[in-house]
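Just so it is clear, the values below take in all heavy atoms, side chains as well, and ignore hydrogens, waters and symmetry mates. Throughout, protein chains are lettered first and strands after them, A, B, ... in sequence-line order, and every chain is numbered starting at 1.
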Amino acid sequence: MDKENFFERVYDIVRQIPYGRVTSYGAIAEYLGTKGSSRMVGYAMNACGTAYPPVPAHRVVNHQGLLTGKRAFASPNLMQELLQSEGIEIKNDKVMDFKHVFWHPADLQTMS
DNA sequence: AAACTGACCTTAT
DNA sequence: GATAAGGCCAGTT
């Protein structure tokens with residue numbers, strides 16, 4: 001189905017998230033131009049399993065850095081394990097140093 | 001076509 | 001500072 005034009009935008013950005021970095025739904029929505037569609041970003045993630053290649057949805061968290069979407073994974077602890085596997089410290093389902101690991105879609109060229 | 005849902009964010013109390 | 005409600009956009013039923 002090629003009606004996923006909006007979803008593809010979200011998937012494309014999430015796939016470009018660097019290793020050991022996380023981003024927020026609002027940041028992606030803002031980059032897409034639809035800042036108010038922050039909920040849509042998460043909605044698209046719900047269908048991330050239908051998209052290919054699969055997107056690292058575990059790198060996408062809410063504004064608080066809380067793993068709100070962990071329940072959408074096969075196992076709630078899977079998302080936390082994946083983030084910890086990337087060097088991200090998780091505490092109480094929340095990303096530690098969230099500001100430190102926070103990555104913005106337009107921050108690709110900001111890095112050397 | 002209308003109403004409901006949703007892995008959110010902002011503002012108000 | 002924490003909790004409650006509203007607003008926003010797109011998709012699904």
Among the nucleotides C/dC9, C/dG11, B/dC9, whichever has the atom closest to the side chain of A/S37 is C/dC9

Between B/dC9, C/dA10, B/dA7, which nucleotide gets closest to the side-chain atoms of A/H63? B/dC9

C/dC9 phosphate, OP1 or OP2: any side-chain N/O from A/R39 under 4.0 angstrom? no

Check this one for me: any side-chain N or O of A/T68 less than 4.0 Å away from OP1 or OP2 of B/dC8? yes

Inspect the contact between A/E86 and A/R59 and indicate whether a charged nitrogen and a carboxylate oxygen are less than 4.0 angstrom apart. yes

Taking the side chain as every heavy atom from C-beta outward, state whether A/P105 and A/T23 have any atom pair closer than 4.5 Å. yes

Do A/F6 and A/M40 have side chains that approach each other closer than 4.5 Å (heavy atoms only, starting at C-beta)? yes

Test for a donor-acceptor pair under 3.5 Å between the base of B/dA7 and the side chain of A/Y43, counting only N and O atoms. no

Please name the pair of heavy atoms, one in A/F73 and one in A/M79, separated by the smallest distance, quoted to 0.1 Å. CE1-SD, 3.6 Å

Which whole-number value in Å describes the distance from [X] [atom1] to [N] [atom2]?
| X | N | atom1 | atom2 | result |
| --- | --- | --- | --- | --- |
| A/N46 | C/dT13 | CG | P | 11 Å |
| A/E30 | B/dC8 | CD | P | 17 Å |
| A/R9 | C/dG11 | CZ | P | 12 Å |
| A/M45 | C/dC9 | CE | P | 20 Å |

When A/V61 and A/M40 are each assigned the nearest nucleotide of DNA chain B, the 5'-most assignment goes to A/M40

Is A/A57 touching bases, backbone alone, or none of the nucleic acid, heavy atoms closer than 4.0 Å? base

Please figure out whether A/S38 or A/T34 has its closest DNA chain C nucleotide nearer the 5' end. A/S38

